[in-house]
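Note sheet for the following structure.
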Amino acid sequence: MRLRSLYLGLLAGAVSLAAAPASDFIIIANINRNYVIGSKIVTLNGLYQRDAAGAWRHFGSNDTSLSAVAFDPRDHNVIYTAALNGLWRSLDGGQSWRMCNDWSLTEARDVAVDPNAPDTVYLAVTDGVAVSTDCAQTLVRRENGLPGRGKYTQAIEVDRTRAGRVLAGCEAGIYLTEDAAQHWRRVFAATDTVNDLQQSPHDPRVWLAATQSAGALISRDGGVTWAAFPGVPAEHALYNITFDPANPQRLAIGSWAHGVLTSEDGGATWVARNAGLPGAHRVWRVGADAAGRLYASVFGETLYVSDDFGRTWQPDALAGSLVNQFLLLPKAAN
Amino acid sequence: MKRFLAHSLLCGLLTVSAWAQPATTGPMPAPPTDFATDARRTAYLARANEVVQWYVDSIKPDNPATFQSAQIAAKLARHEDAAAVSARIVELMSVPQSQDMFWMFPWTAVSYLGRDQLTPEAKAAIRGQWKTYFPMRGDTENHWAMYYTSLYLMSELYPDDPAGSWFNGKSSAENRAEAKAYLVHWMDLATTIGQGEFNPTHYIGEYAIPMLYLATWAKDPEMKIRGHMKLDWLLADLAENTLNGVLRGPNARTDDTSVLQRWLALSSYFSWQCFGNTPPPASYGGFGIWFAVAAANYEVPEVIFRLANDRSEDFLQRDLKRSRRKWRYSDELMSPVYKTNYMRRDYAVGSYQGGMTDPIQAHVWDVTWAVPDPRGVHNTMFSVHPYASAQAMQSYFTELPDHMLALLSSQGKPSYDVPDKILGCSPYERVFQDLDTVIALYDIPAADRYPRVNGFFSKDLTDVTPDASGWIFARGGNTYLAYRPLAPYHWEHLLGYKQLPSKAGYKWERVDRGDKGDKLLVSPHGKNGTIVQAASVGEFKDFAAFQAAIRALPLEFKLEPVPTVKMRTLRGKEIAFTYGQAPKVDGKKIDYAKWQLFEGPHLNAAKGSRKLTITQGRLERTLDFNTLTITDRVTP
Amino acid sequence: MRPPRNLLLRVGTLAGLLGLLTAATASTHDLYLCAAFNNGSRVMGSNDGSSNGLFKRTADGFRHVGINYPLAISATFDPRDAQVIYVACLSGVLRTLDGGNTWRLVTGWDETEPKSIAVDSRTSDHVFTGLPDGIVVSRDRGQTWQRRERGLPGRGKYTQVVRADRSRGGRVLIGCESGIYLTENGADSWRRVFATKETVNDIQQSPHDPRRWIAVTQSAGALESRDGGDTWKKIPGLPADKALYNVAFDARDPQRLALASWSHGLLVSEDGGATWTPRNAGLPGEGIPRAWRTAIDPDNGVIYAAIFGQGLYTSGDTGRSWRAVPAMEGASVQTFTFVPSSQP
Amino acid sequence: MKRLMLPLLALLTAPCAVAQPSVGAPPPSRAPVPDADLRREAYHRRVDEVLHWRASGAGRPDPATMDMAAIAIKLTLREDLDLCSERVIEMMKDPGTGPFWMFPTVCVAYVGRDLLTPGARAAIRNAWRTTRQLRGDTENHWAMYYTSLYLMAELYPNEPAETWYSGKSSEENLAEARDYLVHWIDLTTSRGQGEYNPTHYIGEYAIPMLFLATWAKDPAMKQRGHMMLDWLFAELAANTLDGVLRGPASRTDEGSVIERWNSLASYFSWLLFGNTPPIGGYGGWGLYFAPLAKNYELPEVIYRIATDRGDDFVQRDRARTRRFWRYSDELSPAAYKTNYLRRDYAVGSTQGIMNDAIQGHAWDVTWAEADPRGKHATMFSLHPMSSERALQSQFVTYPEPMIKGVTFEGKPSYDSPDKVVGVSYYERVFQDLDTVIALYDLAPGVRFPHINGFFSKDLVNVTEDKSGWIFARGGNAYLAYRPLAPYHWMKYLHRNGGWAKEAEDLGGRLLVSPHLKNGTIVQAASVGEFKDFAAFQAAIRALPLEFKLEPVPTVKMRTLRGKEIAFTYGQAPKVDGKKIDYARWKLFEGPYLNAEVGGHKLTITHGRLERVLDFNTLTITDRVREN
């Protein structure tokens with residue numbers, strides 16, 4: 001019963017969707033085989049944006065190591081990318097970049113900007129969390145409340161409804177701060193890494209999480225309490241999870257072991273949607289655009305797209321690509 | 001006689017330069033700007049190779065005379081023609097040898113350079129001469145450094161040979177022990193109470209080369225590191241006393257040429273080779289080849305390299321040195337020498353307190369200036385009492401009284417016993433220096449051979465202006481000079497010397513070539529004095545301004561009963577100096593007893609410490625003979 | 001390649017001269033010279049191809065013995081065994097035990113420039129060497145050396161000459177910068193028996209009376225002792241203004257003495273030293289000959305005069321006439337040493 | 001995946017037509033050269049061999065032969081300067097990314113600072129503006145990355161942020177690079193090397209340190225470079241026998257584990273010590289050390305340590321494991337390394353620790369060979385662990401793709417049951433002198449539940465004794481191998497470097513013991529110590545030995561050296577009743593190398609020679625002890 005009310009909640013959230021502003025669809029793609037440090041990059045990697053004509057347009061620096069991207073909601077020329085080197089920032093739409101961190105931060109996994117305090121940037125790294133309050137000009141670790149060990153942080157997501165409210169997906173579980181990372185507390189315990197965190201575009205109280213060994217989780221109270229989706233297997237790692245911005249009932253999970261899992265009833269039931277995906281359908285990421293088209297990036301293959309939420313798949317452009325992130329970016333305020 | 005003329009052998013060599021030597025005749029080397037290890041190393045080796053190449057090229061196939069030990073060493077250093085070299089060695093060794101320690105160290109070098117190249121016959125031929133030829137040990141520190149270093153290394157190369165197989169009837173082990181004992185003793189002296197033949201214009205070769213050989217070839221790690229440390233020590237001393245690579249200030253032992261043309265000295269080879277900041281003299285100073293053939297085995301410490309090349313800041317160094325041994329007529333075997341050296345970008349002022357340090361070859365003080373190209377330039381100003389005395393020589397030489405003067409004038413160095421000489425120290429001179437002011441006072445007995453003072457005025461001075469005030473103003477390079485004789489004087493021009501052929505390696509004749517520009521200020525008065533002050537051209541609006549400043553300085557002096565001066569220097573110091581008394585600066589007595597072995601911004605060592613600290617910027621190198629330790633430190 | 005000088009020596013024969021002299025009485029002494037052919041002004045490291053060092057008189061001249069050493073000053077013999085020779089040279093003390101075939105530089109780095117060596121007349125393993133800075137003594141034929149300077153001053157012990165008293169063991173006189181010093185206990189202690197300001201250049205013991213000694217000095221003239229060197233008196237007939245270099249007795253005639261001086265030339269006395277006459281006629285050099293060293297042949301009374309840089313001269317008539325010793329031109333003879341012949 | 005593609009340059013530069021004198025020649029004499037000048041001349045001859053080999057293989061006819069190494073070398077030799085500039089300009093048109101591109105470029109930039117045309121220099125400089133450089137994720141990557149960045153920032157000081165790919169000014173880049181290098185040096189000199197005893201990575205450290213020692217303008221950084229270089233080579237010297245690196249390695253590969261000589265380390269031994277032949281192409285990396293090699297003088301004390309095996313010695317060192325991002329209570333636990341070197345053989349080990357997820361090598365007994373080339377002079381055992389968890393602990397990856405990725409990217413050996421490279425969670429090792437005990441307690445369900453023991457083709461008289469010991473002889477070493485559980489034999493198949501797709505048969509066997517509770521005991525001795533092989537066998541048989549495998553493997557034994565050893569899996573080993581307390585281990589402890597944990601100060605000693613590298617005061621001290 002509790003679940004039911006939750007699903008209703010999701011439906012309710014759908015109402016607000018009508019007013020959803022137009023948005024850009026941006027991905028991080030590596031079109032690159034056997035890249036090893038030092039070898040020459042013969043392909044364009046990193047940020048791509050889908051243009052009006054439906055073509056993927058590369059922008060920014062050619063970097064094979066990007067894991068996540070975030071934009072300043074006020075000005076999309078201000079771009080943050082989490083990368084092997086750490087945090088790269090552009091102030092001119094990707095023309096020029098600055099490596100904002102020093103040697104003490106490395107292999108950034110995720111980056112997020114606080115929409116209500118857009119000078120504040122959160123960076124997830126292999127050994128914790130770093131925060132900037134000056135658009136990443138300077139970064140400081142803010143790990144009070146995170147464990148000494150077990151804070152490998154794969155995902156970081158800011159609550160769009162409240163400044164300074166942030167969720168972090170770590171090795172030891174999900175951590176929440178409500179004071180811009182001055183303090184953290186664990187809201188869900190995991191034994192392996194929490195791989196993805198997403199806030200619902202339909203209802204900000206609703207959050208989803210994908211984990212390595214605890215299955216997929218949902219929270220309807222803004223991430224304070226979490227429950228696993230019964231219908232989602234937990235024995236294998238789930239890589240990421242996504243909402244369908246066009247349809248609050250639709251959710252999708254990407255997984256190496258399971259391929260694409262979708263739910264069209266707000267998470268009550270799940271089915272595998274791998275028909276038409278090649279090989280062992282090792283899905284690296286799934287994503288959905290504003291129109292509700294579903295995307296799946298298949299490891300060692302390429303990017304696939306489905307107009308029927310996974311029932312059928314067609315290869316998209318960007319042959320040979322591996323996508324690290326799908327980002328539906330609302331048009332900037334200005 | 002032999003004793004004080006050894007160096008003229010070098011001068012002989014200095015004069016022979018048959019074919020082109022790139023660095024000697026080429027343009028001035030650009031001051032080093034790239035201090036990276038590879039840049040310094042590459043240039044250093046290139047210079048050594050230039051020397052080696054020059055000697056290799058000097059061999060004329062049809063003329064065996066052009067194929068001597070130096071050419072042999074050069075060939076061996078390049079691993080060329082071992083067979084021809086061996087054959088030539090056998091030839092050279094088939095006749096009686098001579099030249100004592102000057103024979104020993106080259107053939108020691110050849111023996112080591114060739115130990116993996118020469119035929120057994122050639123090696124045996126050299127070794128054989130160490131039995132049949134009896135080289136003399138000589139009687140100066142430089143002789144002994146060469147003699148004992150060579151003996152040490154040869155006895156290590158042939159470690160177990162019996163007494164009968166060595167010229168002196170001592171076994172390899174005995175020779176090694178004796179040589180080591182002396183070398184350690186000598187280093188001990190030099191590192192506690194100072195170097196004997198200090199600031200040497202030529203003898204630096206006689207020390208640096210043996211030390212390089214120890215550092216390179218000694219098997220005993222103690223002697224190896226001692227050689228290394230002493231070589232660093234010598235080069236640090238050289239670096240500190242050179243301006244643009246040219247040695248400045250007082251010298252224990254130099255010669256008539258180097259005292260005027262400061263550049264023309266073996267020390268300039270070492271500056272060129274090690275610091276790259278001045279051209280080498282002709283034939284690379286004659287001795288250069290003997291450093292060059294082993295140069296690759298030494299790396300000039302960066303701190304020393306920088307010390308030699310950085311003159312961005314003025315500095316004042318005070319060192320303690322040692323006089324030559326006085327066998328007679330002295331209460332002490334060796335008297336302390338208090339050396340002052342003030343270095344500026346445009347000029348240098350150096351002196352010791354006066355008195356005797358060496359009977360013949362000493363140079364007490366001078367003001368020398370920087371010139372774009374020092375070759376042929378007499379960039380110096382100083383005065384001397386022309387002192388010549390059999391007793392002085394008897395005190396240093398174990399000789400009967402009468403023949404030395406006679407010999408000198410008849411066939412040796414006619415410049416020793418002449419009234420117009422410019423080389424040498426005197427028991428009747430007292431000198432005090434404060435920064436760039438020098439006061440030299442003289443109290444010469446009327447009975448002295450030459451009761452007069454000679455002041456040297458170079459052909460390279462411009463605007464020499466005798467002033468009504470009594471000062472003589474002049475300009476040398478970017479330096480203003482003021483010279484104040486304390487007694488009446490007249491001018492003479494300088495006589496020259498011509499070298500005559502002589503199997504003994506030296507024979508000179510005085511010749512009057514007329515006025516060539518160099519002038520002598522002759523002040524024929526026993527009670528006398530000279531004051532010199534210097535300043536950079538940049539410090540004054542113009543020459544007139546400098547003159548006005550000098551004139552304006554309070555100055556009192558009297559000559560009776562003994563010369564005494566009270567004055568304010570250009571640098572505002574109040575100086576009182578009376579012949580035979582401790583000088584006073586701003587009322588405070590100078591206490592020489594307090595002087596350290598080295599004291600200054602770059603070189604520091606406590607008296608008796610056996611430990612030198614070399615500092616330049618953030619670099620520091622410490623040579624500690626107590627613990628046989630070399631320490632390189634960088635201040636963070 | 002010019003032939004070594006000792007070959008040249010043999011060329012000129014001395015038969016003419018020495019022949020008639022030795023005819024008088026068979027020579028019972030060998031004569032050794034320390035000499036150099038480099039005008040006494042050799043530059044360290046120069047090469048003049050000459051043979052220098054120790055020379056022994058032979059029937060036909062002087063034969064170079066042992067090491068070619070340009071700066072040999074004096075030779076001393078072991079009275080028991082003439083095969084044992086000590087040579088004071090620039091490098092230290094050279095010793096041979098086999099008459100000059102093999103040599104050893106027996107001193108070490110801290111002994112230099114000895115001028116004179118004496119062997120104790122009784123205990124001839126005891127050897128005394130004078131150095132510019134004092135005295136070293138060996139008690140094992142020169143194999144090892146020790147400083148023995150008790151009683152000598154801290155400074156002023158520049159030692160030019162060392163003589164052992166042939167009449168008493170352990171008794172040695174030395175001439176120093178500050179005077180004459182005497183030991184009677186083999187150098188365990190010294191005492192000054194005569195004070196000088198400048199160096200005492202030579203000391204000789206009379207062959208006729210062991211208690212009689214004569215010393216010559218640089219600035220105190222010539223001195224005589226009649227009590228074995230305990231007390232000294234100035235010899236009136238001799239000048240003190242200039243340095244006197246050495247003095248020689250005539251072993252055959254107590255009345256005959258010779259004295260060499262750079263400034264006064266050769267002085268001779270034929271009345272036991274009461275009066276002295278210059279005997280310079282026939283000696284080379286403009287003005288007064290630079291007499292460096294003199295000696296009187298114990299076998300025939302011939303006087304030898306070494307003239308600085310100008311060779312060796314002999315006089316059979318007590319200096320009234322001089323003849324140059326052939327093939328000794330240009331030689332600088334430092335000292336003469338007469339040694340009783342091994343075979344009569 | 002990029003993280004494990006190590007000797008990349010070796011691959012890139014290995015092929016070259018011209019002959020390499022020392023590579024093909026008979027092994028060099030191992031007699032030490034005591035004379036400094038002869039030693040230096042020989043060193044310079046070896047350097048010149050490398051330079052001239054590469055120079056002669058490159059030039060106009062085929063500009064492609066003019067890679068960065070060739071250019072650096074031609075510049076050093078002052079050859080083909082025009083061509084060098086042309087090629088630089090051409091190559092800078094599309095620059096590579098990351099440290100492996102950065103350091104060769106920096107090398108050329110500095111060697112050519114006075115020789116390249118302004119255009120060529122500008123081309124290099126411009127590439128550092130236009131092309132983003134990846135920093136990589138290993139210590140060797142960072143050493144190269146930050147050294148390169150440091151030197152470029154010094155070469156082009158006072159240039160604004162927009163002229164650098166990093167978007168930071170020269171000063172910012174310089175400061176960041178200095179801070180990291182100082183941090184790394186600090187860590188290494190207080191807690192030990194991360195990638196210790198490196199068979200290949202030594203180049204990745206030695207080259208940057210030589211760059212710093214040669215070119216750094218800041219005297220402090222220059223001094224640090226010099227000191228670290230000495231430090232690295234002192235470690236190399238103390239861990240080689242006849243120039244061949246021995247014992248455990250933090251990160252290595254099949255080629256080097258089986259054929260110990262076959263590693264870049266041998267190039268450095270050859271160049272610096274002259275006591276073993278260099279590997280083909282001078283290891284590729286050698287080409288970047290050679291141009292500067294003459295600016296470095298190997299301290300005599302290090303040379304003597306490397307070339308003197310007159311006395312047996314034990315060195316005990318500490319090292320660091322690779323960083324554990326996950327699944328570990330410590331970021332980088334300590335490895336305790338023991339190395340026992342004798343004239344005839346060497347025995348080395350760690351205590352058995354997961355120091356690197358893929359490339360670790362825990363222990364071995366290796367013997368001297370007259371000519372090490374092609375010889376598999378080693379004996380060891382391991383648990384062939386293949387674990388997603390292990391990979392995840394050190395790599396920022398998801399569980400699945402890594403193993404697939406590794407194999408996919410050409411390291412099939414990682415996930416093979418017959419592999420011979422790698423360390424395991426389930427191995428514990430104890431070594432006392434020339435006895436090694438390795439105990440295994442494999443968790444049920446591990447991917448490969450067996451132990452592999454390596455038996456080389458170069459062993460002779462391999463004798464399976466009924467006592468349970470397997471006796472063999474390698475070179476002048478007698479070996480005794482005791483498996484603690486039943487086993488069978490299989491042919492050893494070699495995957496060169498681990499990434500060869502095809503396995504080849506080089507000879508040799510694997511002793512496969514398919515039991516979770518398991519163990520290996522190896523003892524070694526010099527042939528000269530026994531009358532004959534039989535005598536050795538008898539001696540081994542005579543030694544008391546008890547062991548049991550349940551509940552955990554445990555061994556009680558007396559060694560050939562008379563030590564009573566008790567060792568139980570998971571417990572501190574005991575020798576003659578005394579517990580080994582690893583907490584007490586120094587950073588270095590032995591006759592040659594000594595340093596305190598946290599001391600930042602290494603004392604290198606041989607005979608009367610001593611060199612102290614003190615990073616606290618940035619001081620190098622050479623001392624000769626008077627005797």
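Just so it is clear: chains get the letters A, B, ... in the order the sequence lines come, proteins before strands, and each one is counted from 1.
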*What residue, out of D:Arg40, D:Met221, D:Lys217, D:Gln223, has the most heavy-atom pairs lying under 4.5 Å from chain B?*
D:Arg40
*Quick one: pull up CG in B:Asp38 and CG in D:Asn295 and give me the separation to the nearest 0.5 Å.*
5.0 Å
_Flag side-chain contact, heavy atom, 4.5 Å: B:Val634 against D:Arg224_ = no
*asked:* Shorter than 4.5 Å, heavy atoms on both sides: which option in B:Ala218, B:Ala215, B:Ala296, B:Pro636 has the most such pairs with chain D?
replied: B:Ala296
*Supply the atom-to-atom distance B:Arg618 CZ to D:Asp218 CG, rounded to the nearest 0.5 angstrom.*
4.5 Å
*Quick one: salt bridge (charged side-chain N to carboxylate O under 4.0 Å, His left out) pairs with a partner in residues 223-233 of chain B, sequence neighbours left out?*
B:Glu222-B:Arg226, B:Asp232-B:Arg621
*Tell me, do B:Arg115 and D:Leu38 make a side-chain contact under 4.5 Å, heavy atoms counted?*
yes
*Look at atom NZ of B:Lys219 and say whether more than 12 heavy atoms of other residues, nucleotides or ligands are closer to it than 6.0 Å.*
yes
_Between D:Glu610 and chain B, with a heavy-atom cut-off of 4.5 Å, which part of the residue counts as in contact: side chain, backbone, both or neither?_
neither
_Using 0.5 Å steps for rounding, measure from the NZ atom of D:Lys294 to the CG atom of B:Leu45._
8.5 Å
*Measuring heavy-atom distances to chain D, does B:Ala294 have an atom under 4.5 Å in its side chain, in its backbone, in both, or in neither?*
neither
_D:Glu626 atom CD, over 12 foreign heavy atoms within 6.0 Å_ = yes
*Neighbours of chain B found in residues 612-625 of chain D - heavy atoms under 4.5 Å*: D:Thr617, D:Leu618, D:Thr619, D:Ile620, D:Thr621, D:Asp622, D:Arg623, D:Val624
*Where does D:Arg39 contact chain B at under 4.5 Å (heavy atoms): side chain, backbone, both or neither?*
neither
*With only heavy atoms counted, which part of B:His79 is less than 4.5 Å from chain D, the side chain, the backbone, both or neither?*
side chain
_Contact leader toward chain D among B:Asp34, B:Thr216, B:Asp116, where contacts are heavy-atom pairs under 4.5 Å_ = B:Asp34
*Of the backbone (N, CA, C, O) and the side chain (C-beta and beyond), which part of B:Thr635 lies under 4.5 Å from a heavy atom of chain D, both, or neither?*
neither
*Considering only heavy atoms, which portion of D:Lys222 lies under 4.5 Å from any heavy atom of chain B: side chain, backbone, both, or neither?*
side chain
_Any pair counted as salt bridge (charged side-chain N to carboxylate O under 4.0 Å, His left out), so long as it reaches residues 179-190 of chain D, sequence neighbours left out_ = none
_Could you measure the distance from the CD1 atom of B:Ile225 to the CD atom of D:Glu300? Nearest 0.5 Å is fine._
10.0 Å
*Among the options D:His44, D:Arg113, D:Arg611, D:His226, pick out the one with the most heavy-atom pairs lying under 4.5 Å from chain B.*
D:Arg113
*asked:* For a side-chain contact (heavy atoms from CB on, under 4.5 Å) check, start with the C-alpha distance between D:Thr214 and B:Arg41, then their side-chain angles and the critical distance, and finish with the verdict.
replied: CA-CA 10 Å; D:Thr214 306; B:Arg41 187 70 181 162; over 6 Å; no
*Is it the backbone or the side chain of D:Ala213 that comes under 4.5 Å from a heavy atom of chain B, or both, or neither?*
backbone
*chain B contact residues among residues 29-37 of chain D, heavy-atom distance under 4.5 Å*: D:Asp35, D:Ala36, D:Asp37
_Contacting moiety of D:Glu297, where chain B heavy atoms sit under 4.5 Å_ = neither
*Of the backbone (N, CA, C, O) and the side chain (C-beta and beyond), which part of B:Glu620 lies under 4.5 Å from a heavy atom of chain D, both, or neither?*
neither
